Amino acid sequence: MAKPRLPEKRWTVDLEKRIQEAHYSDSGYDLRYGFNPDSGKEIFVIDTPPPYPSGTWHIGAVAQYSMIDVIARSQRLLGKEVFFPWGVDRNGINIEFTVEKKHGKKMRTYDRGDFIHLCRETIEEFTQAMRDTAARVGLSCDFAREYLTDSTEYRAVTQSIFSKLFKMGEIIEDLRPNIYDPVEKTTIADAEVERINRISKLVDIKWQTEDGEEVIISTTRPELICACGIVAVHPDDDRYSHLVGKKIILPVEVEGRDNFVNIVTHPSVKSEFGSGVLMVCSFGDQNDVAVFRELGLKPFQAIDLDGCMTSISGPLTGMKVKDARESVIESLEQQGRIHQIQEKEQEVPVSERGKNPVETILLKEWYVRQTHIQERMKEHIEEINFVPPRNKQFLLDWMQNISIDWPISRRRWYHTEIPIWYSEDESKVIVAPSGTYVQPWREEPPSGSDVLDRESREMLGSWDELKDDLGKVVGESKVFDTWMDSSNSNLFVSGYLNQPDVFDKAFPTSLRPQGKEIVRTWLYYTLLKSTLLLDKPGFSNVWIDGLGMDPWGRKMSKSLGNGIDADTVLECGASGRTGSWKIKGTDGKQVQLKANKIGSECFRLWKACDAQVGDDFHINPEEIEAKYFGVLTKLFNVARFASQFEVPDDLDSTPSHLNIEDRWILSEFSMCMSQVQENWSALDIYSATQALKNFGTGILPSHWLEMAKTRLYDGDQSAAWTIHRIVRDFMAAFSPVCPFFSHHITSTLYESSAVDVRKFPETPIVCDSDLCALSNSIQEFNSATWKQKKDAGLSLNAPIEGISIPTDLVDFTDVLTAMHKLE
RNA sequence: GGGCCCGUGGUCUAGUGGUUAUGACAACGCCCUUACAAGGCGUGGAUCACCGGUUCAAAUCCGGUCGGGCCCA
């Protein structure tokens, strides 16, 4: 036996790491994977989801990312000029909390500039960990052009977009109910609210109607009676129908408002809850907000920004909400107005990070208008190709629910600042010029800023001319919701503002890959922006993957104790280390999972092969190893086997003579490859990888290799050309899934790497459909013959008598006779 | 409470109207055959969650029930 040029007996995680390290330290990296907009090739820009650095990277996200890399690599293989950017999302409340926790000091006790500096330092440490994991899982991003969402360039784009939309009238200021965390002193988004169960007091209070009739109303928020806008009963509730239309007197002292409200019917009232009469206050819960809006009631401001009662609460003014509640109960008790008090477990909305009870209060905030543009957005969405098509529904469903504008201002610090200043009389605003990054809380408006009327947005002139007429200008201290930044990512990576010539070619952005859990935020807001700003769909393709779940189908979370850290899977098998994971099962018991070797190539192969895109996927390291490491071993050994035979000089031109079995397998291979090419074009990772896996671990080694073995050992040129041509082209087509594996094999055997192929291997080399039609017969005949040998107690390489070759395989008589030693 | 998605051998999975329902892992049996025992070959094993309907024909379409998941309230 000739010495194989692939010396390793099998693929290992250590080998993988060696190749990977060489790959990323190679000075040719940028040439290989960098974006060159002037190459003349079709441009394919991927709007990579910029990860938020927070210590460890979630395995489900890493799995999704590795599939985005498969798309990037497969599009390069198809000859496109791919921009696979590497961005990091660094704005937001998470890093603020991390810094507060690390130093044991609340944000507002710092100087704003010092705090921002601390955040920047801390997030940089986390960012480096993300970069390392990105490389470990084999991402072929353009790391040299890394972008950070807290950079001057990125924030300048966010601010410019704000200014443009403001001037267009698409951004407005308004006083509306918002969810507010009085401890962190900021507005928060719905997505940041969590519900926890707490024991609270349900107080039944005696009210009186204008006629003196006693009515009992149950509430957990008696301190909000002062902000009561209306009292409601269910329309079908006969007990109270005689009260409807009457006035009812508030049982507490109030200031600066009427001391009575009307009684109406409303379908949202639950008759069986308490007495069946509901007081609607601004704002006890989301239902109150809905009722106020629906009935056009003017809300009262009962709680201020410090979480204290306002003057309408009369004697409660200035008290913290909790103290006010105790106080009002006490005074009602003294007046004999308490019917009863029950301790009840109740869901309380709290802020996700601080666990502080949140309030819904009226705040003057900035909003992006969105309700007027839904139909136009839907028209644009119709032009986008969704993969898989059914996941488009998540977006359409969410859009059905849009009934209010998007609040975009936050009272935090480590975010992009709202780029606006107010004149001393507050009637005019100053807006920074496009392309600059400004910090209005500590800067004057820059030269080139515009002055506009605050209400009408009429352009009044330039800041440089008018600055002396505006009095003392005050910079906005609020910042943007982080989605305001994130939803520019496609514009930013496609060259908006910074590279207009590239933008012309690259927009709509070729691909938005993302998880389905952020359809209603990231995808929706991005599409909203492209409709408002450019009246175009934001993307050509949107690829929406499912979520990574634990082995039992539950979402991974800290509280369930079922999380798996990405690095433990990627490093499993390196330097002989095995992996072991303790995960809580569905019955609450710990289950120990163990694996010996996984690594990035096996992990990627698993994700590519195991489920259709868009479905939630269960992550079980044991299963990943069991099902897919063997596939790598198999493919590696086919290549290793091939590596002992000399590579023919000219693999690119088909030899004039090829044996029939070689023409057969080449035809099968051509069919497989055209399927793969089609699937790569359609972003169908699953089908492409399945086709390659089935060919490479099935028909090729089990059937053809067994036929060709003897000839290969005898130095047959036809067989040698066939196996090498197949291995070389197979690895090119397979390289998007397992780049380092393919790279190692092809650069060892053929002096050129599969990852550098920029044109899909040509097919057909030989494509004879008559031969493909015989594939089933061939496989059946082989299986039947092996079975007969087994039944006769013969070893597979023993001669056997009395087997006749089926008539349709008559052309294969010699081959099959030799292969099975038929006599 | 509302919306959406899903339910296929022990486990995971393919399959959106048409032969005997795909494949993988696990199980079992045989084999160290000059690439591979971290292999190979073979064998079992599923009334496609349940009930009803449409149809010549249903895993597939429709309605309902049950179970799981995600999102929202």
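Just so we're clear, the structure is a prediction, and the values are computed from it rather than from any experiment. The sequence lines fix the lettering, A, B, ..., with proteins before strands; numbering per chain opens at 1.
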For RNA chain B, consecutive-pair runs of 3 or more (Watson-Crick or G-U wobble, both H-bond-type distances under 3.5 Å) give B:1-7 with B:66-72, B:10-12 with B:23-25, B:27-31 with B:39-43, B:49-53 with B:61-65
Those residues at least two apart in sequence (or on a different chain) that pass side-chain hydrogen bond (donor to acceptor under 3.5 Å, both in side chains) with A:Q514 are A:R512
Residues at least two apart in sequence or cross-chain that pass salt bridge (Lys or Arg N to Asp or Glu O under 4.0 Å) with A:K378, listed by chain then number, are A:E375
Taken in chain and number order and not counting sequence neighbours, the residues that satisfy side chain to side chain contact (heavy atoms under 4.5 Å, CB included) with A:A595 are A:C572, A:W581, A:I598, A:E625
*If only atom types and distance count, is the side chain of A:S718 paired as donor or acceptor with the main-chain N or O of A:N659 below 3.5 Å?*
yes
To the nearest angstrom, the NZ-P distance between A:K516 and B:rC4 comes to 14 Å
Between CD of A:E625 and C1' of B:rA24 the distance, given in whole Å, is 15 Å
Protein-nucleotides 13-22 of chain B N/O pairs closer than 3.5 Å?
unit_1, atom_1, unit_2, atom_2, d
B:rG15, OP1, A:Q612, NE2, 2.8

Residue pairs passing the salt bridge (Lys or Arg N to Asp or Glu O under 4.0 Å) test with at least one member in residues 706-721 of chain A, sequence neighbours excluded, are A:E661-A:R711, A:D662-A:R711, A:E706-A:K709, A:R711-A:D716
Those residues at least two apart in sequence (or on a different chain) that pass side-chain hydrogen bond (donor to acceptor under 3.5 Å, both in side chains) with A:N694 are none
Across all chains, not counting sequence neighbours, the side-chain hydrogen bond (donor to acceptor under 3.5 Å, both in side chains) partners of A:T12 are none
For A:Y686, the ring pair (Phe, Tyr, Trp, His ring centres under 6.0 Å) test, sequence neighbours excluded, returns none
Can you give me the N/O atom pairs linking the protein to nucleotides 36-40 of chain B at distances under 3.5 Å, or say none if there are none?
unit_1, atom_1, unit_2, atom_2, d
B:rC36, O4', A:N637, OD1, 3.3
B:rC36, O2, A:K634, NZ, 3.4
B:rC36, N3, A:K634, NZ, 3.4
B:rG40, OP1, A:K634, NZ, 3.3

By ring pair (Phe, Tyr, Trp, His ring centres under 6.0 Å), A:Y367 pairs with (sequence neighbours left out) none
For A:E571, the side-chain hydrogen bond (donor to acceptor under 3.5 Å, both in side chains) test, sequence neighbours excluded, returns A:K17, A:R136
